Amino acid sequence: MSTSTTSDVIGSARERIDALDGRILDLVRERMAVSASIQEARIAAGGRRVHLSREMEILDRYRQSLGKPGTTLAMTLLELCRGRA
C-alpha cells in the first residue's frame, strides 16, 4: 500500500471514529437523563437512589460482552449515571 493510500485509509478511519465517538457521547448523555428520571421516581416512592442488584446485572452484561474491560466501562457508565447525592 502506498503512503498516500495509507494516509487516506487512516484519515477516513479516524473520521469514522470521531463520528462514532460523537454518537457514543450522545448515547451516554441520553442514558444519564433516563437514569436520572428513574432515580427521581425511585426516591419519590421512598426508595434508594441506587439499586445495587440492577447495577450488578449491568456489570455482568458488559463483562460477558466485552470481558474484564467491559466491567471497567460499565463501572464508568454507572458512576456517570448515578447523579449527585
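The figures here come from the full heavy-atom set of this structure, side chains too, leaving out hydrogens, waters and symmetry mates. Everything numeric in this text was worked out from a predicted model, so none of it was measured.
- Among residue pairs with one or both ends in residues 17-34, those qualifying as side chain to side chain donor-acceptor pair (under 3.5 Å) are Asp26-Arg29; sequence neighbours excluded.
- The two residues Cys81 and Ser35 make their nearest non-hydrogen contact at O-OG, 2.9 Å.
- The minimum heavy-atom distance between Ile43 and Arg48, with the atom names listed, is CG1-C, 4.4 Å.
- Side-chain contact, Ser53 with Glu57: no donor N or O sits under 3.5 Å from an acceptor N or O.
- The same ILVMFWY cluster, assembled from side-chain heavy atoms under 4.5 Å apart, contains both Met75 and Val28.
- Without hydrogens or angle criteria, Ser37 side chain to Val34 main chain gives a donor-acceptor distance under 3.5 Å.
- In this structure, Ser12 contributes its side chain and Asp8 its backbone to no donor-acceptor pair below 3.5 Å.
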Verdict with supporting geometry, His51 and Arg42, side chain to side chain contact (heavy atoms under 4.5 Å, CB included): CA-CA 9 Å; His51 191 258; Arg42 192 180 300 121; 3.7 Å; yes
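- Under the 4.5 Å side-chain heavy-atom criterion for ILVMFWY residues, a single connected hydrophobic cluster contains both Leu66 and Ile58.
- Closest approach of Glu55 and Val50 over heavy atoms only: OE2-CG1, 3.2 Å.
- Contact annotation: the side chain of Tyr62 approaches that of Leu77 to within less than 4.5 Å [non-hydrogen atoms, C-beta and beyond].
- A pairwise comparison of heavy atoms in Met32 and Leu80 identifies CE-O, 3.5 Å as the closest pair.
- With respect to the salt-bridge test (charged N to carboxylate O, under 4.0 angstrom), the residues Arg49 and Glu40 do not qualify.
- Rounding to the nearest 0.5 angstrom, the gap separating the CZ atom in Arg61 from the CE atom in Met56 is 13.0 Å.
- In the hydrophobic cluster analysis, where Ile, Leu, Val, Met, Phe, Trp and Tyr join through side-chain heavy atoms closer than 4.5 angstrom, Leu27 is grouped apart from Leu20.
- The two atoms that bring Leu59 and Thr71 nearest to each other are CD2-O, 3.8 Å, heavy atoms only.
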